[in-house]
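Data first, discussion second: the structure below is written as structure tokens.
Numbered from 1 within each chain, the chains take letters A, B, ... in sequence-line order. All values below were derived from every heavy atom in this structure, side-chain atoms included, with hydrogens, water molecules and symmetry-related copies excluded. Quick caveat: nothing in here was measured; it's all calculated off a predicted structure.
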Amino acid sequence: MTFIDIFYEAVRFVGTKKYVLTHSSATETMKDKLQEIVTNAALSAFAAGKLNSGEFGVVSIEETKTADHGDYATNFALAGASAQKMPPRKIAEAIIEHVVDPDGIIENIQIAGPGFVNFFISPPAWHPVIREVHEKEGLYGAVNIGQGRKVQVEFVSANPTGPLHVGHGRGAVTGDVLASILNFCGFVTDREYYINDAGRQIRTLGLSVYLRCRELTGQSVEFPEDAYRGEYIYEIAREILAESQDPGNDTIFKMDEDEAIASCARLAAQRILYGIREDLGQMGIGFDNWFSEQSLYDSGKVDDTIRMLKEKNLAYEADRATWFRSSDFGDEKDRVIVRGNGVTTYFASDIAYHLDKYERGYERVIDVWGADHHGYVARLGAAVSALGFAPGQFRVVLAHLVNLVRGGQPVSMSTRAGQFVTLREVIDEVGKDAARFIFLTRHHESPLDFDLELAKKKTNDNPVYYVQYVYARISSILKKAGSEHGISASDIADANLSMLTEPEEIQLMKQIARYPETMAGAAEMMEPHRIAYYLMDLASAFHAYYNKHRVLGGELQLCRDRLCLVTAVRRVIGNGLTLLGVESPETM
RNA sequence: GCGCCUGUAGCUCAGUUGGAUAGAGCAACGGACUUCUAAUCCGUAGGUCGGAGGUUCGAAUCCUCCCAGGCGCGCCA
């Protein structure tokens with residue numbers, strides 16, 4: 001029985017909310033509607049002889065930056081000028097002439113600048129968005145990109161040789177939220193942790209603990225350079241000594257030394273893995289599967305993979321070693337998979353591991369790594385290609401390193417001396433919500449300064465509270481609506497929204513309408529930070545509205561319309577925070 | 001030496017996959033609580049998008065070459 005088996009016996013899966021989408025089509029966004037209108041207008045214009053060519057690519061609709069340019073714009077006329085052999089403004093005129101808008105969503109159309117066509121949206125056209133939020137409840141924004149395809153996100157996968165640090169935390173949150181977003185967008189998503197429990201690091205861990213045991217019992221030791229020196233090694237050693245059956249604390253010293261080291265390794269790795277799992281649990285992160293590297297060796301899959309590569313002539317022997325032909329698949333050079341001494345490399349088991357992932361039915365495989373491993377991407381990508389999988393089926397997301405700072409000053413950390421601030425210490429100090437949100441306030445490939453003082457601040461320096469405050473404020477309004485104004489949930493649901501005419505209200509509706517496409521972008525680009533930024537924008541739009549207009553107390557119909565709007569905002573905020581793994585507090 | 005990432009306001013960062021006059025927050029300055037939570041809002045100021053070429057109707061975004069910083073380049077894991 002290996003330590004991973006023991007680990008499994010005790011592990012209770014920490015459940016993460018999972019979505020199963022039943023709708024097969026995406027929500028039709030305002031952009032989609034306009035795209036359809038413009039495409040049809042172009043077809044009609046061509047049929048009427050107003051355009052020279054029927055070849056128009058995909059019509060793109062963009063949001064405008066300034067209100068002067070309307071709500072949306074298309075560059076159709078500019079992009080098609082050469083194909084049509086017409087000046088852009090002529091094309092734009094032809095399009096506008098043939099626009100058919102049966103639902104009346106367009107209030108005004110203008111040609112501007114070199115040939116942009118600007119669309120001004122009629123305010124009531126946003127109403128269906130608010131209704132949709134209420135109807136779909138927690139599933140608003142769930143664009144079904146995945147269509148039930150299986151995807152696996154592997155993340156953290158830190159070696160069980162020491163506690164997690166802040167950099168691991170960033171990768172953990174990136175992977176966890178990415179998995180949530182993909183799941184929300186219709187993928188069947190599993191989270192997996194790969195445990196490097198084979199190889200030399202584990203033995204080094206065992207040796208480190210063993211030597212500390214000897215040291216603690218007064219024996220003289222020479223501590224090798226590559227051994228682990230953290231305080232946690234002492235703790236584990238003390239524990240092992242305390243659990244000794246022998247009154248003289250020397251049970252392990254009665255073993256053969258190799259056996260004793262192996263025993264220490266097993267116990268230490270098990271204990272550290274428990275700690276890792278607990279730390280991740282504190283972050284609100286759980287895994288569907290913990291996968292043991294050793295199990296790939298035990299089942300013979302590593303050997304099978306190497307044999308298969310040789311049979312397919314994807315690997316060859318030279319200089320007594322076995323080489324994988326990575327250079328045939330985009331890597332700089334071929335890489336060793338079996339060393340001259342017969343020992344397989346980490347790369348060999350990684351190939352076997354990724355093959356195993358696909359054999360388990362995952363159509364897409366995503367690995368979240370620390371940026372310090374980026375030199376490994378081409379190699380593994382080459383392996384996946386050689387195994388016959390398409391480039392789109394494998395993706396490495398690199399989470400860049402985190403600099404821990406306190407009040408602007410770097411927190412000194414020396415890995416070599418084993419002195420570093422652990423992830424657990426950070427979470428205990430700043431809280432799960434702040435930690436998670438701050439990790440998501442940068443693009444994952446951008447370096448991040450994590451400021452402990454700022455993370456604790458309850459001001460608008462700290463975006464997590466800024467967003468949560470929206471939820472709390474609206475919750476408070478809703479309570480008062482019921483208790484002091486006697487307005488029920490069904491009153492709110494029945495609101496006809498026609499009195500929502502303030503610019504801030506239209507801005508809010510427009511912002512809510514943007515949620516599905518933001519979600520789709522985050523899923524397609526695998527950029528979880530987009531959701532965090534979206535929520536900050538929506539929060540900003542709400543706070544501005546809140547400070548300028550009162551929801552309660554006015555004319556009843558207006559009050560109901562505003563409650564309906566504000567409830568939709570609350571739902572989208574809550575929905576987004578849930579995806580980010582952050583709480584939505586009713587009061588703050 | 002080679003490869004990847006980063007370079008945008010004083011600071012920290014976005015920038016909808018090539019769009020129009022480059023945006024937020026912090027810091028600075030000036031305002032807004034008798035009112036649904038001021039953990040909020042409004043206003044002012046702040047820029048050669050590291051630099052130089054190129055591609056085209058149009059570049060922070062794409063290509064080439066430099067500059068600066070970070071990381072990685074083993075029959076290590």
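- Residue A:Y466 has a polar side-chain atom (N or O) positioned under 4.0 Å from OP1 or OP2 of B:C41.
- A heavy atom lying under 4.0 Å from RNA chain B marks the following residues of residues 371-381 of chain A, by number: A:A371, A:D372, A:H374, A:G375, A:Y376.
- For A:H443, the ring pair (Phe, Tyr, Trp, His ring centres under 6.0 Å) partners at least two apart in sequence or on another chain are A:H529.
- Distance check on atom P: B:C4 versus B:C41 gives 42 Å, rounded to whole Å.
- Rounded to whole Å, the separation between the P atoms of B:G3 and B:C76 comes to 25 Å.
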Given Watson-Crick or G-U pairs with both distances under 3.5 Å, what dot-bracket string fits RNA chain B, with | for other-strand pairs and [ ] for crossing? (((((((..((((.....[...)))).(((((.......))))).....(((((..]....))))))))))))....
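- Which of B:A39, B:U12, B:A20 sits closest to the side chain of A:R442 comes down to B:U12.
- As rounded to the nearest Å, B:U6 and B:G50 have C1' atoms that lie 11 Å from one another.
- Between the side chains of A:Y194 and A:D367, not a single donor N or O lies within less than 3.5 Å of an accepting N or O.
- Taking only side-chain nitrogens and oxygens, A:R473 comes nearer than 4.0 Å to OP1 or OP2 of B:A38.
- Residue A:E332 places its side chain closer to B:C2 than to any other of B:C75, B:C2, B:U37.
- Evaluation of the salt bridge (charged side-chain N to carboxylate O under 4.0 Å, His left out) test over residues 70-79 of chain A, restricted to residues two or more places apart or in two chains, returns A:D71-A:K510.
- Taking the side-chain hydrogen bond (donor to acceptor under 3.5 Å, both in side chains) definition, one finds that A:Y466 meets it with nothing, sequence neighbours left out.
- Residue A:S446 is classed as a sugar-phosphate contact, given heavy-atom separations below 4.0 Å to backbone atoms only.
- Not counting sequence neighbours, A:Y297 has no partner by the ring pair (Phe, Tyr, Trp, His ring centres under 6.0 Å) test.
- Residues satisfying the side-chain hydrogen bond (donor to acceptor under 3.5 Å, both in side chains) test with A:Y193, not counting sequence neighbours, are none.
- For the side-chain hydrogen bond (donor to acceptor under 3.5 Å, both in side chains) test, no residue two or more places apart in sequence or in another chain qualifies with A:K479.
- In this structure, A:K548 does not pair ionically with A:E502, as no charged nitrogen and carboxylate oxygen lie closer than 4.0 Å.
- Distances shown here put a side-chain N or O of A:Y546 below 4.0 Å from the OP1 or OP2 atom of B:A38.
- The salt bridge (charged side-chain N to carboxylate O under 4.0 Å, His left out) contacts involving residues 463-474 of chain A comprise nothing, where partners must be two or more places apart or lie in separate chains.
- Less than 4.0 Å separates RNA chain B from at least one heavy atom of each of the following residues of residues 531-545 of chain A: A:Y533, A:H543, A:A544.
- Contacts of A:R395 classified as side-chain hydrogen bond (donor to acceptor under 3.5 Å, both in side chains), with partners at least two apart in sequence or in another chain: none.
- OP1 and OP2 of B:G7 both lie 4.0 Å or more from every side-chain N or O belonging to A:H443.
- When the side-chain nitrogen and oxygen atoms of A:K31 are compared with OP1 and OP2 of B:U16, none of them lie within a distance under 4.0 Å.
- Stacking of A:F116 onto the six-membered ring of B:A20 is present: less than 5.5 angstrom between centres, less than 30° between planes.
- Each salt bridge (charged side-chain N to carboxylate O under 4.0 Å, His left out) pair with one or both residues in residues 516-539 of chain A, not counting sequence neighbours, appears once here: A:K31-A:E517, A:E527-A:R530.
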